[in-house]
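The chains referred to below are lettered A, B, ... by the order of the sequence lines, with proteins before strands, and numbering in each begins at 1.
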2 protein chains.
Amino acid sequence: MGRLQHELKKKRPFDSPEQEALLNIMRTNDRFQNRFGKLFRDFGLTNSQYNVLRILRGEGRPLPCLEIAERMVQVVPAMTGLLDRLEKQGLIARNRCTEDRRVVYVELTVAGKKLLDQLDVPVDELHRRLVGHLTPEELRRLSRLLEKARLSLDEPAG
Amino acid sequence: MGRLQHELKKKRPFDSPEQEALLNIMRTNDRFQNRFGKLFRDFGLTNSQYNVLRILRGEGRPLPCLEIAERMVQVVPAMTGLLDRLEKQGLIARNRCTEDRRVVYVELTVAGKKLLDQLDVPVDELHRRLVGHLTPEELRRLSRLLEKARLSLDEPAG
DNA sequence: TGCATTTAGTTTACATGTCAGCTATCGACA
DNA sequence: TGTCGATAGCTGACATGTAAACTAAATGCA
(Lines give C-alpha, C1' and ligand atoms only; values in the text may rest on other atoms or scores of the structure.)
Protein backbone atom coordinates (compact mmCIF):
# COMPACT_ATOMS: atom_id res chain seq x y z
CA MET A 1 0.00 0.00 0.00
CA GLY A 2 1.45 3.36 -1.07
CA ARG A 3 2.31 6.22 1.19
CA LEU A 4 -0.41 8.55 -0.05
CA GLN A 5 -3.01 5.83 0.21
CA HIS A 6 -1.95 5.33 3.79
CA GLU A 7 -1.99 9.05 4.55
CA LEU A 8 -5.52 9.34 3.27
CA LYS A 9 -6.61 6.10 4.99
CA LYS A 10 -7.88 5.04 1.64
CA LYS A 11 -9.05 1.45 1.59
CA ARG A 12 -8.82 0.80 -2.10
CA PRO A 13 -5.89 1.53 -4.39
CA PHE A 14 -6.12 4.50 -6.72
CA ASP A 15 -8.28 4.30 -9.78
CA SER A 16 -5.41 5.33 -12.04
CA PRO A 17 -1.84 6.67 -11.97
CA GLU A 18 -3.35 9.96 -13.15
CA GLN A 19 -5.57 10.17 -10.07
CA GLU A 20 -2.69 9.24 -7.78
CA ALA A 21 -0.40 11.89 -9.25
CA LEU A 22 -3.05 14.60 -9.02
CA LEU A 23 -3.89 13.74 -5.42
CA ASN A 24 -0.18 13.76 -4.62
CA ILE A 25 0.20 17.23 -6.09
CA MET A 26 -2.77 18.57 -4.12
CA ARG A 27 -1.76 16.91 -0.88
CA THR A 28 1.82 18.10 -1.10
CA ASN A 29 0.75 21.62 -1.94
CA ASP A 30 -1.70 21.77 0.97
CA ARG A 31 0.83 20.66 3.50
CA PHE A 32 3.57 22.94 2.21
CA GLN A 33 1.29 25.97 1.92
CA ASN A 34 0.42 25.37 5.52
CA ARG A 35 4.05 25.64 6.57
CA PHE A 36 4.59 28.83 4.67
CA GLY A 37 1.39 30.23 6.10
CA LYS A 38 2.69 29.72 9.62
CA LEU A 39 5.98 31.40 8.81
CA PHE A 40 4.36 34.42 7.18
CA ARG A 41 1.85 34.76 9.98
CA ASP A 42 4.71 35.41 12.39
CA PHE A 43 5.47 38.46 10.27
CA GLY A 44 1.85 39.59 10.00
CA LEU A 45 1.47 38.42 6.42
CA THR A 46 -0.52 35.82 4.55
CA ASN A 47 0.74 33.70 1.67
CA SER A 48 -0.96 35.89 -0.91
CA GLN A 49 0.24 39.09 0.65
CA TYR A 50 3.82 37.81 0.64
CA ASN A 51 3.36 36.79 -2.97
CA VAL A 52 2.31 40.31 -3.97
CA LEU A 53 5.24 41.92 -2.19
CA ARG A 54 7.62 39.44 -3.74
CA ILE A 55 6.35 40.15 -7.24
CA LEU A 56 6.72 43.89 -6.72
CA ARG A 57 10.25 43.57 -5.42
CA GLY A 58 11.19 41.26 -8.27
CA GLU A 59 9.93 43.75 -10.80
CA GLY A 60 11.58 46.71 -9.15
CA ARG A 61 8.98 49.16 -10.44
CA PRO A 62 5.28 49.93 -9.88
CA LEU A 63 2.87 47.51 -11.55
CA PRO A 64 -0.81 47.78 -12.46
CA CYS A 65 -3.23 45.57 -10.50
CA LEU A 66 -3.88 43.36 -13.47
CA GLU A 67 -0.22 42.62 -14.00
CA ILE A 68 0.08 41.43 -10.43
CA ALA A 69 -3.09 39.37 -10.65
CA GLU A 70 -1.84 37.64 -13.80
CA ARG A 71 1.31 36.44 -12.13
CA MET A 72 -0.64 35.06 -9.22
CA VAL A 73 -3.16 33.00 -11.20
CA GLN A 74 -5.75 35.06 -9.42
CA VAL A 75 -8.95 36.69 -10.41
CA VAL A 76 -8.96 40.46 -10.33
CA PRO A 77 -11.70 41.04 -7.74
CA ALA A 78 -9.62 39.35 -5.08
CA MET A 79 -6.76 41.75 -5.74
CA THR A 80 -8.71 44.77 -4.60
CA GLY A 81 -9.19 43.58 -1.04
CA LEU A 82 -5.70 42.11 -0.92
CA LEU A 83 -4.16 45.43 -1.92
CA ASP A 84 -6.47 47.29 0.47
CA ARG A 85 -5.04 45.37 3.38
CA LEU A 86 -1.44 45.73 2.25
CA GLU A 87 -1.98 49.45 1.80
CA LYS A 88 -3.51 49.75 5.25
CA GLN A 89 -0.39 48.07 6.64
CA GLY A 90 1.72 50.62 4.80
CA LEU A 91 3.57 47.98 2.79
CA ILE A 92 2.44 49.18 -0.63
CA ALA A 93 1.19 52.43 -2.15
CA ARG A 94 -1.34 52.96 -4.94
CA ASN A 95 -1.11 55.73 -7.51
CA ARG A 96 -3.55 56.34 -10.31
CA CYS A 97 -1.81 56.65 -13.65
CA THR A 98 -2.10 60.14 -15.18
CA GLU A 99 -2.01 59.06 -18.82
CA ASP A 100 -4.59 56.30 -18.48
CA ARG A 101 -6.75 57.14 -15.54
CA ARG A 102 -8.23 53.63 -15.43
CA VAL A 103 -4.92 52.17 -14.34
CA VAL A 104 -3.77 52.01 -10.74
CA TYR A 105 -0.07 51.51 -10.17
CA VAL A 106 1.01 49.56 -7.13
CA GLU A 107 4.45 50.01 -5.66
CA LEU A 108 6.41 48.65 -2.74
CA THR A 109 7.05 51.11 0.09
CA VAL A 110 10.26 51.26 2.05
CA ALA A 111 8.53 49.49 4.92
CA GLY A 112 7.34 46.78 2.54
CA LYS A 113 10.81 46.26 1.15
CA LYS A 114 12.25 46.09 4.64
CA LEU A 115 9.76 43.49 5.81
CA LEU A 116 10.36 41.43 2.69
CA ASP A 117 14.12 41.51 3.14
CA GLN A 118 13.71 40.28 6.70
CA LEU A 119 11.88 37.27 5.36
CA ASP A 120 14.50 36.19 2.85
CA VAL A 121 16.56 34.04 5.17
CA PRO A 122 13.64 32.31 6.95
CA VAL A 123 11.95 31.61 3.62
CA ASP A 124 15.09 30.13 2.15
CA GLU A 125 15.55 28.01 5.25
CA LEU A 126 12.01 26.72 4.96
CA HIS A 127 12.58 25.86 1.31
CA ARG A 128 15.51 23.73 2.32
CA ARG A 129 13.73 22.19 5.26
CA LEU A 130 10.77 21.16 3.10
CA VAL A 131 12.53 19.80 0.02
CA GLY A 132 16.22 20.05 0.81
CA HIS A 133 16.37 16.30 1.38
CA LEU A 134 15.81 15.76 -2.34
CA THR A 135 18.96 15.84 -4.45
CA PRO A 136 19.37 18.70 -6.94
CA GLU A 137 18.86 16.10 -9.66
CA GLU A 138 15.57 14.98 -8.11
CA LEU A 139 14.40 18.58 -7.71
CA ARG A 140 15.09 19.25 -11.35
CA ARG A 141 13.28 16.09 -12.40
CA LEU A 142 10.30 17.10 -10.26
CA SER A 143 10.22 20.57 -11.80
CA ARG A 144 10.44 19.16 -15.32
CA LEU A 145 7.61 16.68 -14.68
CA LEU A 146 5.35 19.39 -13.26
CA GLU A 147 6.11 21.69 -16.16
CA LYS A 148 5.28 18.91 -18.57
CA ALA A 149 2.07 18.27 -16.65
CA ARG A 150 1.03 21.90 -17.10
CA LEU A 151 1.43 21.67 -20.87
CA SER A 152 -2.11 20.31 -20.99
CA LEU A 153 -3.37 23.71 -19.85
CA ASP A 154 -2.27 25.33 -23.09
CA GLU A 155 -4.58 23.26 -25.24
CA PRO A 156 -7.69 25.05 -26.48
CA ALA A 157 -9.99 22.33 -25.19
CA GLY A 158 -7.91 21.95 -22.01
CA MET B 1 14.90 30.51 -19.47
CA GLY B 2 12.65 27.83 -18.00
CA ARG B 3 8.96 27.46 -18.59
CA LEU B 4 7.92 28.43 -15.07
CA GLN B 5 10.18 31.44 -15.09
CA HIS B 6 8.51 32.51 -18.32
CA GLU B 7 5.01 31.87 -16.96
CA LEU B 8 5.71 34.06 -13.98
CA LYS B 9 7.44 36.72 -16.09
CA LYS B 10 10.28 36.41 -13.69
CA LYS B 11 13.34 38.36 -14.75
CA ARG B 12 15.94 36.56 -12.73
CA PRO B 13 16.48 32.81 -12.51
CA PHE B 14 15.35 31.02 -9.38
CA ASP B 15 17.38 31.35 -6.23
CA SER B 16 17.62 27.57 -5.86
CA PRO B 17 16.30 24.30 -7.27
CA GLU B 18 14.33 24.04 -4.02
CA GLN B 19 12.53 27.30 -4.71
CA GLU B 20 11.86 26.35 -8.31
CA ALA B 21 10.37 22.98 -7.34
CA LEU B 22 8.15 24.51 -4.66
CA LEU B 23 6.87 27.21 -6.98
CA ASN B 24 6.20 24.55 -9.60
CA ILE B 25 4.16 22.53 -7.14
CA MET B 26 2.11 25.56 -6.13
CA ARG B 27 1.60 26.79 -9.65
CA THR B 28 0.54 23.37 -10.93
CA ASN B 29 -1.81 22.85 -8.05
CA ASP B 30 -3.45 26.25 -8.51
CA ARG B 31 -4.11 25.73 -12.18
CA PHE B 32 -5.40 22.19 -11.74
CA GLN B 33 -7.61 23.07 -8.78
CA ASN B 34 -9.11 25.71 -10.97
CA ARG B 35 -10.11 23.18 -13.59
CA PHE B 36 -11.69 20.87 -11.06
CA GLY B 37 -13.49 23.82 -9.51
CA LYS B 38 -15.13 24.62 -12.83
CA LEU B 39 -16.23 21.03 -13.33
CA PHE B 40 -17.70 20.71 -9.86
CA ARG B 41 -19.44 24.06 -10.14
CA ASP B 42 -21.49 22.70 -13.02
CA PHE B 43 -22.83 20.16 -10.54
CA GLY B 44 -23.44 22.69 -7.79
CA LEU B 45 -20.42 21.57 -5.75
CA THR B 46 -17.10 23.07 -4.68
CA ASN B 47 -13.80 21.21 -4.51
CA SER B 48 -14.06 20.72 -0.77
CA GLN B 49 -17.65 19.58 -0.92
CA TYR B 50 -16.76 16.98 -3.54
CA ASN B 51 -13.87 15.89 -1.39
CA VAL B 52 -16.14 15.27 1.59
CA LEU B 53 -18.63 13.26 -0.45
CA ARG B 54 -15.82 11.25 -1.96
CA ILE B 55 -14.37 10.39 1.42
CA LEU B 56 -17.75 9.27 2.71
CA ARG B 57 -18.41 7.07 -0.28
CA GLY B 58 -14.95 5.54 -0.08
CA GLU B 59 -15.49 4.65 3.54
CA GLY B 60 -18.96 3.25 2.98
CA ARG B 61 -20.10 4.09 6.52
CA PRO B 62 -20.85 7.19 8.61
CA LEU B 63 -17.80 9.06 9.87
CA PRO B 64 -17.31 11.58 12.70
CA CYS B 65 -16.50 15.16 11.64
CA LEU B 66 -12.96 14.92 12.91
CA GLU B 67 -12.23 11.81 10.86
CA ILE B 68 -13.29 13.66 7.72
CA ALA B 69 -11.29 16.75 8.62
CA GLU B 70 -8.16 14.69 9.18
CA ARG B 71 -8.28 13.22 5.72
CA MET B 72 -8.72 16.65 4.21
CA VAL B 73 -5.80 18.36 5.93
CA GLN B 74 -8.40 20.77 7.19
CA VAL B 75 -9.04 22.45 10.45
CA VAL B 76 -12.20 21.50 12.30
CA PRO B 77 -13.95 24.88 12.33
CA ALA B 78 -14.12 24.89 8.56
CA MET B 79 -15.83 21.50 8.54
CA THR B 80 -18.87 22.78 10.38
CA GLY B 81 -19.90 25.26 7.69
CA LEU B 82 -18.93 22.87 4.93
CA LEU B 83 -21.17 20.15 6.36
CA ASP B 84 -23.94 22.69 6.98
CA ARG B 85 -24.10 23.49 3.30
CA LEU B 86 -23.92 19.86 2.21
CA GLU B 87 -26.70 19.02 4.64
CA LYS B 88 -28.83 21.88 3.34
CA GLN B 89 -28.40 20.46 -0.16
CA GLY B 90 -29.57 17.09 1.13
CA LEU B 91 -26.35 15.33 0.16
CA ILE B 92 -25.34 14.26 3.65
CA ALA B 93 -27.09 13.62 6.97
CA ARG B 94 -25.81 14.20 10.50
CA ASN B 95 -26.64 11.99 13.46
CA ARG B 96 -25.43 12.47 16.97
CA CYS B 97 -23.88 9.32 18.37
CA THR B 98 -25.88 7.86 21.24
CA GLU B 99 -22.95 6.28 23.09
CA ASP B 100 -20.73 9.36 22.97
CA ARG B 101 -22.94 12.39 22.63
CA ARG B 102 -20.01 14.61 21.68
CA VAL B 103 -19.62 12.82 18.37
CA VAL B 104 -21.62 13.67 15.27
CA TYR B 105 -21.71 11.01 12.56
CA VAL B 106 -21.90 12.17 8.97
CA GLU B 107 -23.28 9.92 6.28
CA LEU B 108 -23.91 10.11 2.57
CA THR B 109 -27.57 10.26 1.55
CA VAL B 110 -28.98 8.51 -1.50
CA ALA B 111 -29.04 11.85 -3.31
CA GLY B 112 -25.41 12.43 -2.37
CA LYS B 113 -24.36 9.05 -3.66
CA LYS B 114 -26.27 9.61 -6.87
CA LEU B 115 -24.66 12.98 -7.53
CA LEU B 116 -21.23 11.54 -6.81
CA ASP B 117 -21.76 8.65 -9.19
CA GLN B 118 -22.73 11.07 -11.93
CA LEU B 119 -19.40 12.79 -11.47
CA ASP B 120 -17.23 9.70 -11.83
CA VAL B 121 -16.90 9.76 -15.59
CA PRO B 122 -16.33 13.53 -15.97
CA VAL B 123 -13.78 13.50 -13.16
CA ASP B 124 -11.88 10.62 -14.68
CA GLU B 125 -11.93 12.36 -18.05
CA LEU B 126 -10.52 15.51 -16.48
CA HIS B 127 -7.77 13.50 -14.81
CA ARG B 128 -6.75 12.18 -18.18
CA ARG B 129 -7.05 15.54 -19.87
CA LEU B 130 -4.82 17.19 -17.29
CA VAL B 131 -2.05 14.62 -16.90
CA GLY B 132 -2.90 11.89 -19.40
CA HIS B 133 -0.12 13.11 -21.68
CA LEU B 134 2.44 11.89 -19.15
CA THR B 135 3.38 8.25 -19.49
CA PRO B 136 2.42 5.88 -16.66
CA GLU B 137 6.10 5.71 -15.82
CA GLU B 138 6.33 9.50 -15.57
CA LEU B 139 3.21 9.64 -13.42
CA ARG B 140 4.69 7.09 -11.06
CA ARG B 141 7.98 8.97 -10.88
CA LEU B 142 6.09 12.17 -10.14
CA SER B 143 4.11 10.52 -7.35
CA ARG B 144 7.23 9.01 -5.82
CA LEU B 145 9.08 12.33 -5.89
CA LEU B 146 6.15 14.14 -4.23
CA GLU B 147 5.87 11.44 -1.60
CA LYS B 148 9.55 11.73 -0.90
CA ALA B 149 9.17 15.50 -0.67
CA ARG B 150 6.49 15.10 1.97
CA LEU B 151 8.77 12.98 4.15
CA SER B 152 10.16 16.22 5.57
CA LEU B 153 6.79 16.85 7.18
CA ASP B 154 7.21 13.90 9.51
CA GLU B 155 10.26 15.34 11.19
CA PRO B 156 9.66 16.80 14.65
CA ALA B 157 11.31 20.09 13.73
CA GLY B 158 9.68 20.00 10.29
C1' DT C 1 -18.40 64.31 -33.40
C1' DG C 2 -20.76 60.33 -31.38
C1' DC C 3 -21.64 55.89 -30.09
C1' DA C 4 -20.42 50.89 -29.38
C1' DT C 5 -16.82 48.13 -27.60
C1' DT C 6 -13.04 47.15 -24.72
C1' DT C 7 -10.38 47.58 -20.62
C1' DA C 8 -9.10 48.45 -15.50
C1' DG C 9 -10.83 48.20 -11.21
C1' DT C 10 -14.44 48.02 -7.77
C1' DT C 11 -18.52 46.23 -5.38
C1' DT C 12 -21.38 42.50 -3.76
C1' DA C 13 -22.58 37.84 -2.52
C1' DC C 14 -21.09 33.53 -1.16
C1' DA C 15 -17.89 29.41 0.01
C1' DT C 16 -13.44 28.43 2.10
C1' DG C 17 -9.69 28.40 5.34
C1' DT C 18 -7.27 30.03 9.74
C1' DC C 19 -7.27 31.15 14.64
C1' DA C 20 -8.99 31.93 19.30
C1' DG C 21 -12.22 30.87 22.36
C1' DC C 22 -16.57 28.45 23.97
C1' DT C 23 -19.82 24.49 25.22
C1' DA C 24 -20.96 19.85 26.05
C1' DT C 25 -19.47 15.47 27.19
C1' DC C 26 -16.52 11.77 28.49
C1' DG C 27 -13.09 9.41 31.39
C1' DA C 28 -9.93 9.04 35.02
C1' DC C 29 -8.89 9.35 39.49
C1' DA C 30 -9.01 11.09 44.23
C1' DT D 1 -19.29 10.91 44.08
C1' DG D 2 -17.18 14.93 42.35
C1' DT D 3 -13.88 17.38 40.04
C1' DC D 4 -10.18 17.96 36.51
C1' DG D 5 -8.31 17.40 32.07
C1' DA D 6 -9.06 15.81 27.37
C1' DT D 7 -12.02 15.49 23.32
C1' DA D 8 -15.73 16.71 19.67
C1' DG D 9 -17.79 20.17 17.75
C1' DC D 10 -19.49 25.07 17.26
C1' DT D 11 -19.14 30.35 17.02
C1' DG D 12 -17.09 34.60 15.63
C1' DA D 13 -13.57 37.43 13.43
C1' DC D 14 -10.83 37.93 9.56
C1' DA D 15 -8.34 36.93 4.94
C1' DT D 16 -8.93 34.56 0.57
C1' DG D 17 -10.90 33.03 -3.65
C1' DT D 18 -14.85 32.87 -7.29
C1' DA D 19 -18.56 34.81 -10.12
C1' DA D 20 -21.61 38.45 -11.70
C1' DA D 21 -22.73 43.01 -12.23
C1' DC D 22 -21.20 47.78 -12.30
C1' DT D 23 -18.40 52.30 -13.00
C1' DA D 24 -15.13 54.99 -15.32
C1' DA D 25 -12.10 55.76 -18.87
C1' DA D 26 -10.02 54.83 -23.37
C1' DT D 27 -10.40 53.26 -28.17
C1' DG D 28 -12.25 52.21 -32.74
C1' DC D 29 -14.80 53.53 -36.27
C1' DA D 30 -18.68 55.37 -38.83
### Query
Is A/E137 paired with A/R140 through a side-chain N to carboxylate O contact shorter than 4.0 Å?
yes
### Query
How would you label the contact of B/R96 with the nucleic acid (heavy atoms, under 4.0 Å): base, sugar-phosphate, or nothing?
nothing
### Query
Does OP1 or OP2 of D/dT18 have a side-chain N or O of B/T46 closer than 4.0 Å?
no
### Message
For A/N47 and B/L63, find the nucleotide of DNA chain D closest to each by heavy atoms; which residue's nucleotide sits nearer the 5' end?
### Response
B/L63
### Message
Taking any heavy-atom pair under 4.0 Å as a contact, classify A/D30: base, sugar-phosphate, or nothing.
### Response
nothing
### Summary
Closest to the 5' end of DNA chain C, once A/R102 and B/E99 are matched to their nearest nucleotides, is A/R102
### Message
Please confirm whether the shortest side-chain N or O distance from B/R85 to OP1 or OP2 of C/dT16 is below 4.0 Å.
### Response
yes
## Note on the structure
Rounded to whole Å, the CZ-C1' distance (B/F36 to C/dA15) equals 19 Å
### Task
Starting from P on C/dT12, measure out to CE on A/M79 and report it in whole angstrom.
19 Å
#### Entry: Near-ring test B/F36/B/H127, centroid separation under 6.0 angstrom
yes
### Query
Taking CG from A/L66 and P from C/dA8, how many angstroms apart are they, rounded to a whole number?
5 Å
### Query
Roughly how far, to the nearest 0.5 Å, is the CZ atom of B/R128 from the OG atom of A/S16?
7.5 Å
### Whichever of B/L83 and A/L82 has its nearest DNA chain D nucleotide further upstream toward 5'
B/L83
### Message
Categorize A/V75 for me: base, sugar-phosphate, or nothing, with a 4.0 angstrom heavy-atom threshold over every strand shown.
### Response
sugar-phosphate
### Message
On DNA chain C, compare the nucleotides closest to A/V103 and B/P77; which residue's is nearer the 5' end?
### Response
A/V103
### Query
How close or far is atom P of D/dT16 from atom NZ of A/K88, stated in whole angstroms?
11 Å
### Query
Are OP1 or OP2 of D/dT18 and a side-chain N or O of B/R41 less than 4.0 angstrom apart?
no
#### Entry: Nearest-Å distance for atom pair CD/P, residues B/Q74 and D/dC10
14 Å
### Task
Could you check how far CG of B/L39 sits from C1' of D/dT18, rounded to whole Å?
16 Å
### Of the listed nucleotides C/dT25, C/dA15, C/dT10, the one nearest the side chain of B/Q49
C/dA15
### Task
Determine, stepwise, if the pair B/L45 / B/L53 fulfils side chain to side chain contact (heavy atoms under 4.5 Å, CB included).
CA-CA 10 Å; B/L45 290 176; B/L53 298 183; 4.0 Å; yes
## Note on the structure
Out of D/dA26, C/dT10, C/dC26, minimum distance to the side chain of A/C65 belongs to C/dT10
### Lys/Arg-Asp/Glu bridge criterion (N-O < 4.0 Å) met for B/K38, B/D42
no
### Message
Is the phosphate of C/dT18 approached by A/N34 (side-chain N or O, under 4.0 Å from OP1 or OP2)?
### Response
yes
### Message
For B/R94, give me all partners under salt bridge (Lys or Arg N to Asp or Glu O under 4.0 Å), at least two apart in sequence or on another chain.
### Response
B/D84, B/E87
### Message
Check the phosphate of C/dC26 against B/R101, side-chain N and O only, distance under 4.0 Å to OP1 or OP2. Yes or no?
### Response
no
### Summary
With the side chain defined as heavy atoms from C-beta on, B/K38 is closest, among D/dA19, C/dA15, D/dA25, to D/dA19
### Task
Mind calculating the distance between CG (A/N95) and P (C/dG9) to the nearest angstrom?
12 Å
### Separation of C/dT16 P from B/L86 CG (nearest whole Å)
7 Å
